[in-house]
Amino acid sequence: MSKPSIPQGTRDFSPEEVRKRQYILHTLQDIFELYGFQPLETPSMENLVTLTGKYGEEGDRLIFKILNNGLHEKKEEDKAKLNAEWNNLLSKPYSTPVVTERALRYDLTIPFARYVVMHQNELAFPFRRYQMQPVWRADRPQKGRYREFWQCDADVVGSTSLINEAELLGIYQNAFDKLHIPVTIKINSRKLLAALAELCGMPEKMMDITIAMDKLDKIGWIGVAKELQERSISDDGIWQIEKVINVTGNNEQKLAAFADIMQHSASGMEGINELSKTLAYHKELLPPSDKDVKTGIEVDISLARGLNYYTGVIVEVVCAHPDVKMGSIGGGGRYDDLTGLFGLKGLSGVGVSFGIDRIYDVMEELKVFPEQLATGTAVMLVNFGGENEIYALHLLQKLRAAGIAAEIYPDAAKFDKQMKYANKRGIPYVMLPGDDERQKNMVSLKNFSTGEQQLLTPDECIRIIQSA
RNA sequence: GAGGUUGUAGCUCAGCCGGUUAGAGCAUCAGAUUGUGGUUCUGAGGGUCGAGGGUUCGAGCCCCUUUAGCCUCCCCA
C-alpha cells in the first residue's frame, strides 16, 4: 500500500482553513501592534544545546532532534567514535553532537531569550516583541494536540513592572473579545505555590505539589489528595493545601484569605502583593465603562503551568463556554532570569502565548468565524477560444487593475465544464466574453447566486462587482 | 513510556453463522446538453479487504504476528 500520507500529528490546511487561521493571526497581530509590540522571527531549528535542559526532563524527551548530515561520509577514525556513541544512544536517553546537534524549535520563548542575549547591545530595553511561528513536539498526538502547531507569543523583557502583567491581561481580553470567545483568565503566582510548599514544611516539593494541584478541575480534590500522598506529601501538608484550595469568593476575598493563611511566609506575601497590584493596574487599563464589570480574571491557586522557568505571576486562559471541552488556549507568566540561562543575568521577562490551533478548534465549535472570510476570486471569465480569448485577457487585465480578484478559465473547454468549475469554486460572478459581446465591446455579466445576467460595458461590470 | 480502539473504492461506511463474481452513498469521468452552473436521468472507471503468517475444502470475517491512524493516561498548547 503506497498511499501518500503525512507524518503523525501534522496536518494539511485547506484554502478555507488557511483563511480562518490567517484571520486569527491577523487579529492577534493587530492587537500586538496596538500594544506596541514588535515582530520577531527565529529559525525553525536551533542548536540542540540551546534547547536541552530548558523544559524539564519530560520536555527534553519531546524535542525533535535532527540527524546530522553526512554521517556516512565520516573518516574512519570518526566512525569508531560514531559507533560507540550509537550504542549509547540505543541503551539510554542520550544525545551526542556526533549524531545530532540541531533540533526543531520547541517553543518561542527560549529562542527569544537566545535572541535577546545575542543582540543585547542593539536592543532598546524594555524590549517588547511578538512572534507567530510553528513549533514542534515529539508528543503523542491526541485531540487538540499536534506534533506541529503554531504559537503566538508576546513578551516584554527588561522590566519588572507589574504594568507589563496588567497589559498582557489586557491583550488577552482584547484578543478573545475580538475573536468572540468567552474566556476565563486564571491567574496565580509561583510565589504562592512556593509559599504553600513552605507551609507544608516541604519547600523542595513545590513541583510535586503544583503538578498535583493543577489537576484539581480534572480529578477533583479526592484525586489530588491521593496524588499528593503518592508524591509523599505529609498528611499535615495535604491538610494545609486543602485549606488553601477551599478558599472561595471574589479575587479580593481570596487574596485576603491567602494573606491570612500565609502571613508568616515572605514569598507568599510577596506573591499576594504582586497579584493584587497586577489586578489593580489592569483595572485602570480597562475602558471606563468596564471598570466594574466582571473581568473574567480569576485568581486560582491550583493553577500551576508546566514550564519550570516561571517565577512570578502565571496565567492561563480557558474557554468559558460550557459546551467546549478544551484544555487551555493560552498561557504565560513571568520568568525572572530566563536570559541568565545564556549568560545575561538580571533581565526579567514576562509573556503570554496563544495556542492558535486550539483557538481555531474552539472557534469552529462555537461557530464564531465571520461569514465573509472566503473572499477569493470575485469573477471568472469564460474562455470561448480564438479572438474571444484575447478579448477576455484584456478584460481580465482591466478587472485586476480595478482591484478585482479575477481569473480566466485557461482552456477553451466545453461551456458547461467551465460553468461547473465556477460553481464549485463558489465564484460569485461569471463573465461571458463571446462573439456578440466582443463585437459590441461589451460583456455579459452573470450573477451566480441569483442567476441574473446582463449585457454591460466593462466599466459597468466593475462598478457592480465593486459595490457588491 | 502504559492502556483502549479502528484499518474494506478517492471519501464516509455496509458486508449476516466462515460459502461461490466484495456492495452502497458521495466524489470522479463520459453522455443526455459544443452559449448557461447548482437539480435530474443514463452509463463507466475505480479494490493486493493495512501487511505477513496460520487454521479450513473454503477467510473481508476465526487465530497469531506486525504496522498505521484515532482515543485515554503521563505531560502539555
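In this text the structure is predicted, and so the values were computed from the model without any measurement. Letters A, B, ... are given to chains in the order of the sequence lines, protein chains preceding strands, and every chain is numbered from 1.
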Visitor: Of the candidate nucleotides B:G37, B:U34, B:A77, which contains the atom at the shortest distance from the side chain of A:Lys414?
Guide: B:U34
Visitor: Measuring to OP1 and OP2 of B:A30, would you say a side-chain N or O of A:Lys420 lies under 4.0 angstrom away?
Guide: no
Visitor: Which nucleotide, if any, forms a Watson-Crick or G-U wobble pair with B:C73, using both distances under 3.5 Å?
Guide: B:G1
Visitor: If you find the nucleotide of RNA chain B closest to A:Gly355 and the one closest to A:Pro141, which residue's nucleotide is nearer the 5' end?
Guide: A:Pro141
Visitor: Would you mind reading off the distance between A:Asn447 atom CG and B:G37 atom P, rounded to a whole angstrom?
Guide: 16 Å
Visitor: Give a yes or no on whether a donor-acceptor pair under 3.5 Å exists between the nucleobase atoms of B:C75, that is its base, and the side chain of A:Arg145.
Guide: yes
Visitor: Does A:Gln8 put a side-chain nitrogen or oxygen below 4.0 Å from OP1 or OP2 of B:G69?
Guide: yes
Visitor: Name the closest nucleotide to the A:Arg137 side chain, picking from B:C76, B:A2, B:U36.
Guide: B:C76
Visitor: Just how far, in rounded Å, is C1' of B:C74 from OH of A:Tyr55?
Guide: 20 Å
Visitor: Identify the nucleotide, in any strand shown, that forms a Watson-Crick or G-U wobble pair with B:G45, with both distances under 3.5 Å; if there is none, say none.
Guide: none
Visitor: Classify the side chain of A:Gln418 versus the base of B:U36 as yes if they form a donor-acceptor pair under 3.5 Å and no if they do not.
Guide: no
Visitor: Checking all strands, does A:Tyr146 fall into the base, sugar-phosphate, or nothing category for heavy-atom contacts under 4.0 angstrom?
Guide: base
Visitor: Run the side-chain contact (heavy atoms from CB on, under 4.5 Å) test on A:Asp208 and A:Glu227 for me, step by step, so that the C-alpha distance in whole Å, both residues' side-chain angles and the decisive distance to 0.1 Å come before the verdict.
Guide: CA-CA 9 Å; A:Asp208 290 274; A:Glu227 176 141 355; over 6 Å; no
Visitor: Do A:Asn388 and A:Asp435 have side-chain N/O donor and acceptor atoms under 3.5 Å apart?
Guide: yes
Visitor: Between A:Leu445 and A:Ile465, is any pair of side-chain heavy atoms under 4.5 Å apart?
Guide: yes
Visitor: Give a yes/no on whether any side-chain N or O of A:Lys424 is located under 4.0 angstrom from OP1 or OP2 of B:U28.
Guide: yes
Visitor: Identify the nucleotide, in any strand shown, that forms a Watson-Crick or G-U wobble pair with B:U21, with both distances under 3.5 Å; if there is none, say none.
Guide: none
Visitor: Contact class for A:Gly331 vs. all strands (heavy atom < 4.0 Å): base, sugar-phosphate, or nothing?
Guide: nothing
Visitor: So which nucleotide from B:C75, B:A2, B:U36 ends up closest to the side chain of A:Gln453?
Guide: B:U36
Visitor: Rounded to whole angstrom units, what separation is found between the CZ atom of A:Arg147 and the C1' atom of B:A68?
Guide: 12 Å
Visitor: Does a salt bridge link A:Asp459 with A:Arg463, judged by any charged N lying under 4.0 Å from a carboxylate O?
Guide: no
Visitor: Classify the side chain of A:Asn423 and the base of B:G38 as holding, or not holding, a donor-acceptor pair under 3.5 Å.
Guide: no
Visitor: Return the nucleotide paired to B:U40: Watson-Crick means purine N1 to pyrimidine N3 with N6-O4 or O6-N4, wobble means G-U with N1-O2 and O6-N3, both under 3.5 Å.
Guide: B:A32
Visitor: By the 4.0 Å heavy-atom rule, please label A:Phe448 as base, sugar-phosphate, or nothing.
Guide: base
Visitor: Could you check how far OH of A:Tyr106 sits from P of B:C75, rounded to whole Å?
Guide: 12 Å
Visitor: By nearest atom, which of the nucleotides B:A77, B:G37, B:G35 is closest to the A:Asp416 side chain?
Guide: B:G37
Visitor: Find the distance A:Asp357:CG to B:C76:P and express it as a whole number of Å.
Guide: 18 Å
Visitor: When you measure from every atom of RNA chain B, which of residues 433-443 of chain A have a heavy atom less than 4.0 Å away?
Guide: A:Gly434, A:Asp435, A:Glu437
Visitor: Does a donor on one side chain and an acceptor on the other come within less than 3.5 Å for A:Glu33 and A:Tyr130?
Guide: yes
Visitor: Could you state the atom-to-atom distance from CG of A:Asp153 to C1' of B:A77 in whole Å?
Guide: 10 Å
Visitor: When all nucleic acid strands are considered with a 4.0 Å heavy-atom cut-off, which category describes A:Ile359: base, sugar-phosphate, or nothing?
Guide: nothing
Visitor: Could you tell me if A:Arg128 sits above the aromatic ring of A:Phe37, with its cationic atom closer than 6.0 Å to the ring centre and no more than 45 degrees from the axis?
Guide: yes
Visitor: Taking CD from A:Glu452 and P from B:G37, how many angstroms apart are they, rounded to a whole number?
Guide: 17 Å
Visitor: Check for a donor-acceptor pair, side chain of A:Lys254 on one end and backbone N or O of A:Val299 on the other, with a separation under 3.5 Å.
Guide: yes
Visitor: Any strand counts, and the cut-off is 3.5 Å on both contacts for Watson-Crick or G-U wobble. Which nucleotide pairs with B:G10?
Guide: B:C26
Visitor: Is the A:Tyr106 to A:Tyr55 ring centre distance short of 6.0 Å?
Guide: yes
Visitor: Answer yes if the ring centres of A:Tyr172 and A:Phe354 are under 6.0 angstrom apart, and no otherwise.
Guide: yes
Visitor: Roughly how many Å apart are B:C73 and B:G60, using the P atom of each and rounding to a whole number?
Guide: 38 Å
Visitor: Please measure how far the C1' atom in B:A14 lies from the corresponding atom in B:U34, and state the result in whole Å.
Guide: 41 Å
Visitor: Using whole Å, report how far CD of A:Gln142 lies from P of B:G3.
Guide: 16 Å
